[in-house]
Amino acid sequence: MADNDKIGLREAVSIGIGGMVGGGIFAVLGLAADLAQGGTPVAFLFAGLIALVTSYSYVHLSRTYPDRGGTVRFVNEGFGRGVFSGGVNNLLWVSYIIMLALYASAFGSYAPNLMPITGDKDIDPHIYASGIILIATAINYYSIKVVGAIESYAVIVKLLILLGFVGIGAFGLIGNDNLGQLNVAHWESPLTLVTAGMIIFVAYEGFELIANAAPDIKSPEKNIPRAYYISVGFVILLYLAIAVITVGSLPFGQIKDAQDYVLAEAAKPMLGQIGFTIITVAALISTFSAINASLYGGSRVSYEIAEDDELSSEFTHQFWNQPLGLMFTAAATLVLVNTLELESISTTGSVGFLLVFAVVNMAAVRKASEVKGSKWITGLGVVLCLAALAALMFHTLQTNLLNLLIACGIIAACFLGEFLYQRRESKAG
(Lines give C-alpha, C1' and ligand atoms only; values in the text may rest on other atoms or scores of the structure.)
Protein backbone atom coordinates (compact mmCIF):
# COMPACT_ATOMS: atom_id res chain seq x y z
CA MET A 1 0.00 0.00 0.00
CA ALA A 2 1.35 3.43 -0.98
CA ASP A 3 2.17 5.67 1.99
CA ASN A 4 -0.37 8.32 0.94
CA ASP A 5 -3.11 5.63 1.08
CA LYS A 6 -2.23 4.80 4.67
CA ILE A 7 -4.04 5.92 7.81
CA GLY A 8 -2.51 8.79 9.79
CA LEU A 9 -2.60 9.26 13.55
CA ARG A 10 -5.75 11.43 13.43
CA GLU A 11 -7.70 8.79 11.48
CA ALA A 12 -6.43 5.98 13.76
CA VAL A 13 -7.51 7.92 16.86
CA SER A 14 -10.91 8.54 15.20
CA ILE A 15 -11.35 4.78 14.70
CA GLY A 16 -10.70 4.20 18.42
CA ILE A 17 -12.91 7.04 19.65
CA GLY A 18 -15.64 6.23 17.11
CA GLY A 19 -15.61 2.58 18.23
CA MET A 20 -15.97 3.51 21.90
CA VAL A 21 -18.28 6.53 21.74
CA GLY A 22 -20.88 4.60 19.80
CA GLY A 23 -24.14 3.58 21.33
CA GLY A 24 -22.62 2.31 24.57
CA ILE A 25 -22.68 5.53 26.61
CA PHE A 26 -26.28 6.25 25.56
CA ALA A 27 -27.39 2.69 26.31
CA VAL A 28 -25.72 2.00 29.67
CA LEU A 29 -25.35 5.35 31.46
CA GLY A 30 -28.76 4.94 33.12
CA LEU A 31 -27.96 1.37 34.22
CA ALA A 32 -24.68 2.53 35.79
CA ALA A 33 -26.21 5.54 37.56
CA ASP A 34 -29.08 3.47 38.96
CA LEU A 35 -26.63 0.88 40.33
CA ALA A 36 -23.67 3.05 41.47
CA GLN A 37 -25.69 6.17 42.46
CA GLY A 38 -23.25 8.97 43.45
CA GLY A 39 -20.27 6.73 42.64
CA THR A 40 -21.14 6.53 38.92
CA PRO A 41 -17.99 8.47 37.85
CA VAL A 42 -15.87 6.01 39.89
CA ALA A 43 -17.56 3.08 38.11
CA PHE A 44 -16.67 4.61 34.74
CA LEU A 45 -13.09 5.16 35.95
CA PHE A 46 -12.74 1.49 36.99
CA ALA A 47 -13.92 0.32 33.58
CA GLY A 48 -11.65 2.85 31.84
CA LEU A 49 -8.56 1.70 33.75
CA ILE A 50 -9.14 -1.91 32.64
CA ALA A 51 -9.48 -0.67 29.04
CA LEU A 52 -6.27 1.37 29.41
CA VAL A 53 -4.19 -1.54 30.80
CA THR A 54 -5.61 -3.88 28.13
CA SER A 55 -4.76 -1.34 25.43
CA TYR A 56 -1.08 -1.78 26.45
CA SER A 57 -1.31 -5.43 25.39
CA TYR A 58 -3.06 -4.41 22.17
CA VAL A 59 -0.30 -1.89 21.39
CA HIS A 60 2.45 -4.52 21.57
CA LEU A 61 0.45 -7.22 19.77
CA SER A 62 -0.67 -4.79 17.02
CA ARG A 63 2.92 -3.69 16.33
CA THR A 64 4.24 -7.27 16.20
CA TYR A 65 1.31 -8.90 14.36
CA PRO A 66 -0.33 -6.18 12.25
CA ASP A 67 -3.31 -7.95 10.73
CA ARG A 68 -6.85 -7.03 9.66
CA GLY A 69 -7.98 -9.97 11.78
CA GLY A 70 -6.94 -7.97 14.87
CA THR A 71 -8.04 -9.78 18.03
CA VAL A 72 -8.61 -13.07 16.14
CA ARG A 73 -4.96 -13.11 15.05
CA PHE A 74 -3.68 -12.23 18.56
CA VAL A 75 -5.60 -15.10 20.17
CA ASN A 76 -4.31 -17.56 17.56
CA GLU A 77 -0.71 -16.31 17.98
CA GLY A 78 -0.91 -16.62 21.76
CA PHE A 79 -2.55 -20.04 21.98
CA GLY A 80 -2.24 -21.68 18.55
CA ARG A 81 -5.27 -22.73 16.51
CA GLY A 82 -7.51 -25.16 18.36
CA VAL A 83 -10.70 -25.54 20.35
CA PHE A 84 -9.71 -22.90 22.93
CA SER A 85 -8.71 -20.21 20.40
CA GLY A 86 -11.69 -21.01 18.20
CA GLY A 87 -14.06 -20.80 21.17
CA VAL A 88 -12.64 -17.42 22.23
CA ASN A 89 -12.84 -16.08 18.67
CA ASN A 90 -16.43 -17.32 18.33
CA LEU A 91 -17.18 -15.51 21.60
CA LEU A 92 -15.70 -12.34 20.08
CA TRP A 93 -18.08 -12.63 17.12
CA VAL A 94 -21.06 -13.32 19.41
CA SER A 95 -20.00 -10.32 21.55
CA TYR A 96 -20.19 -8.14 18.42
CA ILE A 97 -23.75 -9.40 17.91
CA ILE A 98 -24.57 -8.62 21.56
CA MET A 99 -23.14 -5.10 21.12
CA LEU A 100 -25.31 -4.65 18.05
CA ALA A 101 -28.36 -5.65 20.11
CA LEU A 102 -27.30 -3.14 22.79
CA TYR A 103 -26.97 -0.29 20.24
CA ALA A 104 -30.28 -1.20 18.59
CA SER A 105 -31.98 -1.36 22.01
CA ALA A 106 -30.64 2.15 22.80
CA PHE A 107 -31.89 3.43 19.42
CA GLY A 108 -35.28 1.92 20.21
CA SER A 109 -35.34 3.61 23.65
CA TYR A 110 -34.54 7.11 22.36
CA ALA A 111 -36.46 7.22 19.05
CA PRO A 112 -40.04 7.05 20.41
CA ASN A 113 -39.36 10.22 22.44
CA LEU A 114 -39.13 12.11 19.14
CA MET A 115 -41.68 10.23 17.07
CA PRO A 116 -43.96 7.60 18.65
CA ILE A 117 -45.41 5.07 16.18
CA THR A 118 -48.17 3.25 18.07
CA GLY A 119 -47.83 5.16 21.34
CA ASP A 120 -47.26 1.87 23.18
CA LYS A 121 -44.07 2.14 25.29
CA ASP A 122 -43.47 -1.61 25.02
CA ILE A 123 -44.02 -2.01 21.27
CA ASP A 124 -42.45 1.16 19.77
CA PRO A 125 -38.87 0.47 21.00
CA HIS A 126 -38.96 -2.99 19.34
CA ILE A 127 -40.27 -1.57 16.06
CA TYR A 128 -37.50 1.05 15.97
CA ALA A 129 -34.76 -1.38 17.09
CA SER A 130 -35.73 -3.95 14.43
CA GLY A 131 -36.17 -1.29 11.73
CA ILE A 132 -32.74 0.27 12.27
CA ILE A 133 -31.01 -3.14 12.07
CA LEU A 134 -32.74 -3.83 8.74
CA ILE A 135 -31.82 -0.37 7.37
CA ALA A 136 -28.15 -0.71 8.44
CA THR A 137 -27.99 -4.22 6.95
CA ALA A 138 -29.34 -2.88 3.64
CA ILE A 139 -26.69 -0.10 3.65
CA ASN A 140 -23.93 -2.66 4.33
CA TYR A 141 -25.13 -4.74 1.38
CA TYR A 142 -25.47 -1.67 -0.83
CA SER A 143 -22.02 -0.13 -0.32
CA ILE A 144 -19.16 -0.38 2.16
CA LYS A 145 -18.12 3.12 1.01
CA VAL A 146 -21.42 4.50 2.32
CA VAL A 147 -20.76 2.77 5.68
CA GLY A 148 -17.35 4.54 5.86
CA ALA A 149 -18.81 7.91 4.89
CA ILE A 150 -21.57 7.64 7.54
CA GLU A 151 -18.94 6.76 10.16
CA SER A 152 -16.62 9.67 9.36
CA TYR A 153 -19.43 12.25 9.62
CA ALA A 154 -21.15 10.60 12.60
CA VAL A 155 -17.96 10.64 14.71
CA ILE A 156 -17.66 14.41 14.27
CA VAL A 157 -21.36 15.13 14.92
CA LYS A 158 -21.68 12.98 18.05
CA LEU A 159 -18.41 14.29 19.54
CA LEU A 160 -19.41 17.92 18.94
CA ILE A 161 -22.80 17.36 20.61
CA LEU A 162 -21.32 15.44 23.57
CA LEU A 163 -18.56 18.01 24.09
CA GLY A 164 -21.21 20.73 23.91
CA PHE A 165 -23.24 18.81 26.53
CA VAL A 166 -20.15 18.65 28.78
CA GLY A 167 -19.37 22.37 28.35
CA ILE A 168 -22.93 23.61 28.97
CA GLY A 169 -23.54 20.93 31.62
CA ALA A 170 -20.47 21.90 33.63
CA PHE A 171 -21.74 25.50 33.70
CA GLY A 172 -25.22 24.23 34.65
CA LEU A 173 -23.86 22.40 37.70
CA ILE A 174 -23.10 25.71 39.43
CA GLY A 175 -25.60 26.02 42.27
CA ASN A 176 -27.49 22.84 41.26
CA ASP A 177 -29.24 21.25 44.28
CA ASN A 178 -28.39 17.75 43.03
CA LEU A 179 -24.63 18.32 43.10
CA GLY A 180 -24.48 16.87 46.62
CA GLN A 181 -25.44 13.46 45.18
CA LEU A 182 -21.79 13.06 44.13
CA ASN A 183 -20.64 13.05 47.79
CA VAL A 184 -19.02 9.83 49.06
CA ALA A 185 -22.04 9.36 51.36
CA HIS A 186 -24.12 8.60 48.24
CA TRP A 187 -21.67 6.06 46.78
CA GLU A 188 -22.57 2.40 46.80
CA SER A 189 -20.22 -0.29 48.22
CA PRO A 190 -16.84 -0.83 46.47
CA LEU A 191 -18.05 -4.19 45.07
CA THR A 192 -21.18 -2.54 43.66
CA LEU A 193 -19.09 0.25 42.09
CA VAL A 194 -16.82 -2.33 40.43
CA THR A 195 -19.88 -4.27 39.23
CA ALA A 196 -21.48 -1.12 37.82
CA GLY A 197 -18.20 -0.39 36.04
CA MET A 198 -18.24 -3.86 34.52
CA ILE A 199 -21.87 -3.68 33.38
CA ILE A 200 -20.89 -0.52 31.47
CA PHE A 201 -17.56 -1.94 30.28
CA VAL A 202 -19.20 -2.38 26.87
CA ALA A 203 -18.98 1.42 26.49
CA TYR A 204 -15.17 1.09 26.23
CA GLU A 205 -14.65 -2.06 24.17
CA GLY A 206 -14.40 -0.31 20.78
CA PHE A 207 -10.69 0.62 21.10
CA GLU A 208 -9.86 -2.89 19.82
CA LEU A 209 -10.99 -1.80 16.32
CA ILE A 210 -7.63 -0.01 15.98
CA ALA A 211 -6.04 -3.48 15.81
CA ASN A 212 -7.95 -4.25 12.59
CA ALA A 213 -6.54 -1.09 11.00
CA ALA A 214 -2.94 -1.69 12.23
CA PRO A 215 -1.55 -2.89 8.84
CA ASP A 216 -2.67 0.40 7.25
CA ILE A 217 -1.32 2.84 9.87
CA LYS A 218 1.58 5.14 8.88
CA SER A 219 4.75 4.96 11.04
CA PRO A 220 3.26 2.09 13.10
CA GLU A 221 6.01 2.00 15.75
CA LYS A 222 5.12 5.54 16.76
CA ASN A 223 1.46 5.93 15.80
CA ILE A 224 -0.06 2.63 17.00
CA PRO A 225 0.68 3.31 20.71
CA ARG A 226 -0.37 6.94 20.35
CA ALA A 227 -3.67 5.94 18.70
CA TYR A 228 -4.59 3.53 21.51
CA TYR A 229 -3.54 5.71 24.44
CA ILE A 230 -4.95 9.00 23.10
CA SER A 231 -8.33 7.47 22.19
CA VAL A 232 -8.75 5.52 25.46
CA GLY A 233 -7.50 8.45 27.60
CA PHE A 234 -9.81 10.92 25.85
CA VAL A 235 -12.86 8.66 26.22
CA ILE A 236 -12.18 8.05 29.94
CA LEU A 237 -12.16 11.83 30.54
CA LEU A 238 -15.28 12.32 28.37
CA TYR A 239 -17.23 9.59 30.20
CA LEU A 240 -16.14 10.89 33.62
CA ALA A 241 -17.40 14.36 32.72
CA ILE A 242 -20.72 12.97 31.38
CA ALA A 243 -21.19 10.85 34.54
CA VAL A 244 -20.48 13.82 36.87
CA ILE A 245 -22.89 16.10 34.97
CA THR A 246 -25.67 13.51 34.83
CA VAL A 247 -25.54 12.62 38.55
CA GLY A 248 -25.06 16.30 39.49
CA SER A 249 -28.01 17.46 37.35
CA LEU A 250 -30.84 15.01 38.07
CA PRO A 251 -32.25 13.53 41.30
CA PHE A 252 -31.74 9.76 41.61
CA GLY A 253 -35.48 9.10 41.21
CA GLN A 254 -35.56 10.91 37.88
CA ILE A 255 -32.43 9.03 36.71
CA LYS A 256 -34.21 5.73 37.48
CA ASP A 257 -37.44 6.78 35.71
CA ALA A 258 -35.56 7.89 32.57
CA GLN A 259 -32.98 5.08 32.79
CA ASP A 260 -33.13 4.13 29.09
CA TYR A 261 -32.67 7.72 27.83
CA VAL A 262 -31.06 9.42 30.84
CA LEU A 263 -28.50 11.46 28.87
CA ALA A 264 -31.29 13.31 27.04
CA GLU A 265 -33.08 13.85 30.36
CA ALA A 266 -29.86 15.28 31.86
CA ALA A 267 -29.79 17.99 29.17
CA LYS A 268 -33.22 19.28 30.23
CA PRO A 269 -32.19 21.25 33.36
CA MET A 270 -29.73 23.32 31.27
CA LEU A 271 -31.47 23.59 27.89
CA GLY A 272 -35.08 22.47 28.44
CA GLN A 273 -36.89 20.51 25.73
CA ILE A 274 -34.45 21.71 23.04
CA GLY A 275 -31.56 20.12 24.94
CA PHE A 276 -33.55 16.90 25.34
CA THR A 277 -34.20 16.82 21.58
CA ILE A 278 -30.57 17.60 20.63
CA ILE A 279 -29.20 14.80 22.82
CA THR A 280 -31.88 12.41 21.52
CA VAL A 281 -30.79 13.20 17.95
CA ALA A 282 -27.14 12.64 18.98
CA ALA A 283 -28.12 9.28 20.48
CA LEU A 284 -29.88 8.25 17.28
CA ILE A 285 -26.91 9.28 15.11
CA SER A 286 -24.43 7.55 17.45
CA THR A 287 -26.32 4.31 17.80
CA PHE A 288 -27.07 4.16 14.07
CA SER A 289 -23.41 4.71 13.16
CA ALA A 290 -22.36 2.13 15.77
CA ILE A 291 -24.81 -0.43 14.33
CA ASN A 292 -23.52 0.29 10.83
CA ALA A 293 -19.86 -0.14 11.79
CA SER A 294 -20.44 -3.16 14.05
CA LEU A 295 -22.40 -5.01 11.37
CA TYR A 296 -19.42 -4.51 9.04
CA GLY A 297 -16.94 -5.50 11.78
CA GLY A 298 -18.98 -8.52 12.90
CA SER A 299 -19.25 -9.93 9.38
CA ARG A 300 -15.47 -9.50 8.92
CA VAL A 301 -14.72 -11.24 12.24
CA SER A 302 -16.77 -14.31 11.23
CA TYR A 303 -14.96 -14.31 7.84
CA GLU A 304 -11.52 -14.21 9.54
CA ILE A 305 -12.45 -17.01 11.96
CA ALA A 306 -13.69 -19.17 9.07
CA GLU A 307 -10.48 -18.45 7.10
CA ASP A 308 -8.50 -19.74 10.10
CA ASP A 309 -10.65 -22.91 9.98
CA GLU A 310 -12.22 -22.23 13.39
CA LEU A 311 -15.68 -21.73 11.89
CA SER A 312 -17.44 -23.46 8.99
CA SER A 313 -15.91 -22.56 5.60
CA GLU A 314 -19.40 -21.46 4.47
CA PHE A 315 -18.67 -18.18 6.28
CA THR A 316 -15.98 -17.38 3.70
CA HIS A 317 -18.66 -17.49 0.99
CA GLN A 318 -20.32 -14.38 -0.43
CA PHE A 319 -24.00 -13.47 -0.46
CA TRP A 320 -24.83 -10.36 -2.50
CA ASN A 321 -21.10 -9.51 -2.65
CA GLN A 322 -20.74 -9.50 1.14
CA PRO A 323 -19.53 -12.24 3.54
CA LEU A 324 -22.28 -14.64 4.56
CA GLY A 325 -21.60 -13.60 8.17
CA LEU A 326 -23.33 -10.24 7.54
CA MET A 327 -26.71 -11.91 7.08
CA PHE A 328 -26.16 -14.23 10.10
CA THR A 329 -24.99 -11.31 12.28
CA ALA A 330 -28.05 -9.20 11.38
CA ALA A 331 -30.50 -12.09 11.92
CA ALA A 332 -28.99 -13.02 15.32
CA THR A 333 -29.12 -9.35 16.38
CA LEU A 334 -32.82 -9.15 15.52
CA VAL A 335 -33.51 -12.21 17.69
CA LEU A 336 -31.50 -10.89 20.67
CA VAL A 337 -32.89 -7.34 20.68
CA ASN A 338 -36.46 -8.68 20.64
CA THR A 339 -35.98 -11.31 23.35
CA LEU A 340 -33.56 -9.89 25.97
CA GLU A 341 -33.85 -6.92 28.35
CA LEU A 342 -31.27 -4.10 28.12
CA GLU A 343 -29.53 -5.18 31.35
CA SER A 344 -29.27 -8.80 30.12
CA ILE A 345 -27.72 -7.60 26.85
CA SER A 346 -25.26 -5.28 28.62
CA THR A 347 -24.22 -7.87 31.20
CA THR A 348 -23.71 -10.60 28.59
CA GLY A 349 -21.72 -8.23 26.34
CA SER A 350 -19.47 -7.16 29.21
CA VAL A 351 -18.89 -10.79 30.29
CA GLY A 352 -17.96 -11.68 26.70
CA PHE A 353 -15.51 -8.83 26.20
CA LEU A 354 -13.92 -9.16 29.66
CA LEU A 355 -13.22 -12.83 28.90
CA VAL A 356 -11.87 -12.07 25.41
CA PHE A 357 -9.67 -9.25 26.77
CA ALA A 358 -8.36 -11.50 29.58
CA VAL A 359 -7.28 -13.99 26.89
CA VAL A 360 -5.67 -11.24 24.75
CA ASN A 361 -3.75 -9.99 27.81
CA MET A 362 -2.64 -13.59 28.48
CA ALA A 363 -1.52 -13.90 24.85
CA ALA A 364 0.62 -10.79 25.39
CA VAL A 365 2.09 -12.38 28.57
CA ARG A 366 2.93 -15.58 26.69
CA LYS A 367 4.50 -13.67 23.81
CA ALA A 368 6.13 -10.98 26.01
CA SER A 369 9.69 -11.42 24.64
CA GLU A 370 8.46 -11.48 21.03
CA VAL A 371 6.17 -8.45 21.34
CA LYS A 372 8.66 -6.61 23.62
CA GLY A 373 6.03 -6.00 26.29
CA SER A 374 6.15 -5.99 30.09
CA LYS A 375 4.90 -9.22 31.68
CA TRP A 376 3.91 -7.20 34.75
CA ILE A 377 1.57 -4.84 32.87
CA THR A 378 0.07 -7.50 30.61
CA GLY A 379 -0.26 -9.81 33.65
CA LEU A 380 -2.03 -7.00 35.52
CA GLY A 381 -4.45 -6.83 32.57
CA VAL A 382 -5.24 -10.55 32.99
CA VAL A 383 -5.82 -10.15 36.75
CA LEU A 384 -7.98 -7.02 36.37
CA CYS A 385 -10.16 -8.56 33.64
CA LEU A 386 -10.68 -11.82 35.57
CA ALA A 387 -11.29 -10.04 38.91
CA ALA A 388 -13.79 -7.70 37.25
CA LEU A 389 -15.45 -10.67 35.54
CA ALA A 390 -15.73 -12.49 38.89
CA ALA A 391 -17.26 -9.38 40.56
CA LEU A 392 -19.78 -8.98 37.73
CA MET A 393 -20.78 -12.66 37.80
CA PHE A 394 -21.06 -12.70 41.62
CA HIS A 395 -23.33 -9.64 41.58
CA THR A 396 -25.44 -11.09 38.75
CA LEU A 397 -25.76 -14.38 40.63
CA GLN A 398 -27.22 -12.47 43.60
CA THR A 399 -29.47 -10.10 41.66
CA ASN A 400 -30.51 -11.78 38.41
CA LEU A 401 -29.77 -15.48 38.02
CA LEU A 402 -31.35 -15.56 34.55
CA ASN A 403 -28.85 -12.97 33.23
CA LEU A 404 -25.97 -15.09 34.56
CA LEU A 405 -27.39 -18.25 33.00
CA ILE A 406 -27.80 -16.46 29.64
CA ALA A 407 -24.17 -15.22 29.73
CA CYS A 408 -22.77 -18.62 30.79
CA GLY A 409 -24.96 -20.41 28.24
CA ILE A 410 -23.64 -18.23 25.40
CA ILE A 411 -20.01 -18.79 26.47
CA ALA A 412 -20.56 -22.55 26.77
CA ALA A 413 -22.24 -22.65 23.34
CA CYS A 414 -19.22 -20.89 21.73
CA PHE A 415 -16.76 -23.47 23.08
CA LEU A 416 -19.03 -26.50 22.63
CA GLY A 417 -19.79 -25.45 19.06
CA GLU A 418 -16.06 -25.12 18.35
CA PHE A 419 -15.32 -28.52 19.93
CA LEU A 420 -17.99 -30.24 17.80
CA TYR A 421 -16.82 -28.42 14.65
CA GLN A 422 -13.15 -29.39 15.17
CA ARG A 423 -14.16 -32.97 15.90
CA ARG A 424 -16.25 -33.17 12.73
CA GLU A 425 -13.42 -31.66 10.68
CA SER A 426 -10.83 -34.11 12.05
CA LYS A 427 -13.13 -37.06 11.24
CA ALA A 428 -13.75 -35.69 7.74
CA GLY A 429 -9.99 -35.19 7.26
Side-chain angles (χ1 to χ4, degrees), residues 50 53-54 56-58 60-62 64-65 67-99 198 201 205 208 211-212 297-298 300-316 325 328-329 332 348-371 373 375 378-390 392-393 404-429:
I50 292 177
V53 173
T54 301
Y56 175 87
S57 295
Y58 268 89
H60 288 272
L61 290 164
S62 298
T64 310
Y65 313 115
D67 191 294
R68 287 186 184 86
T71 302
V72 174
R73 168 79 187 274
F74 304 156
V75 172
N76 287 341
E77 286 290 343
F79 296 90
R81 291 179 191 176
V83 173
F84 179 75
S85 296
V88 172
N89 287 331
N90 286 339
L91 181 60
L92 175 68
W93 178 36
V94 171
S95 297
Y96 263 96
I97 294 168
I98 292 164
M99 291 304 299
M198 294 316 101
F201 186 70
E205 61 76 29
E208 54 105 20
N212 303 82
R300 289 303 179 276
V301 165
S302 62
Y303 181 87
E304 293 283 346
I305 300 169
E307 274 215 314
D308 290 337
D309 202 25
E310 293 171 340
L311 193 62
S312 175
S313 59
E314 273 80 14
F315 282 90
T316 60
F328 274 86
T329 301
T348 308
S350 288
V351 165
F353 274 108
L354 281 167
L355 198 52
V356 169
F357 286 163
V359 172
V360 171
N361 281 314
M362 181 55 78
V365 171
R366 297 183 77 168
K367 293 283 184 178
S369 56
E370 203 174 315
V371 303
K375 275 193 176 182
T378 51
L380 177 63
V382 177
V383 171
L384 285 175
C385 286
L386 292 178
L389 182 60
L392 177 57
M393 294 182 94
L404 183 63
L405 291 174
I406 290 167
C408 291
I410 286 172
I411 293 167
C414 290
F415 285 92
L416 179 62
E418 186 61 31
F419 171 74
L420 294 173
Y421 171 70
Q422 299 274 2
R423 201 167 121 184
R424 192 191 78 189
E425 289 298 291
S426 63
K427 279 184 179 176

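Taking CD1 from Ile406 and OG1 from Thr348, the interatomic distance works out to 6.0 Å, rounded to the nearest 0.5 Å. Rounding to the nearest 0.5 Å places CD of Gln422 at 6.5 Å from CG of Asp309. Within the model, atoms CG of Leu384 and CD1 of Ile50 stand 5.5 Å from one another, a figure rounded to the nearest 0.5 Å. Here the straight-line distance linking atom CD of Glu208 with atom CG of Leu61 works out to 12.5 Å at 0.5 Å rounding. Separation of atoms OG (Ser85) and CG (Asn76) is listed at 5.0 Å; rounding is to 0.5 Å. How far OG1 of Thr54 is from CG of Leu380: 9.0 Å, rounded to the nearest 0.5 Å.
Between Glu310 and Asn89 the shortest heavy-atom distance is OE1-ND2, 2.9 Å. Closest non-hydrogen pair, Gly352 versus Ser95, comes out as CA-OG, 3.6 Å. Counting all heavy atoms, side chain and backbone alike, Val356 lies closest to Val88 at CG2-O, 4.0 Å. Closest approach of Ser62 and Phe74 over heavy atoms only: OG-CZ, 3.6 Å. Here the shortest heavy-atom pairing between Ala388 and Met198 reads CB-SD, 3.1 Å. When all heavy atoms of Ala211 and Gly70 are compared, the closest pair comes out as CB-CA, 3.9 Å.
Side-chain contact, Thr378 with Asn361: no donor N or O sits under 3.5 Å from an acceptor N or O. No side-chain donor-acceptor contact under 3.5 Å links Tyr96 and Ser302. Between the side chains of Thr316 and Glu307, not a single donor N or O lies within less than 3.5 Å of an accepting N or O.
A heavy-atom distance below 4.5 Å is not found between the side chains of Phe353 and Ile98. Counting heavy atoms from C-beta on, the side chains of Ile305 and Phe315 never come closer than 4.5 Å. Two residues are said to be in side-chain contact when any heavy atoms from C-beta on lie closer than 4.5 Å; Phe79 and Met362 meet this criterion.
Salt bridge absent: Glu304 and Arg300 never bring a charged side-chain N and a carboxylate O closer than 4.0 Å.
Of the candidates Glu370, Arg73, His60, Glu370 is the only one forming a side chain to side chain donor-acceptor pair (under 3.5 Å) with Tyr65.
Surrounding CE of Met393 are more than 12 heavy atoms belonging to other residues, nucleotides or ligands, all under 6.0 Å away.
Using cut-offs of 30° and 60° on the angle between ring planes, the pair Phe357 and Phe201 is perpendicular.
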Derivation of the side chain to side chain contact (heavy atoms under 4.5 Å, CB included) call for Phe328 and Ile97: CA-CA 9 Å; Phe328 274 86; Ile97 294 168; over 6 Å; no
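In summary, the aromatic rings of Trp93 and Tyr303 are positioned with their centroids too far apart to meet the 6.0 Å limit.
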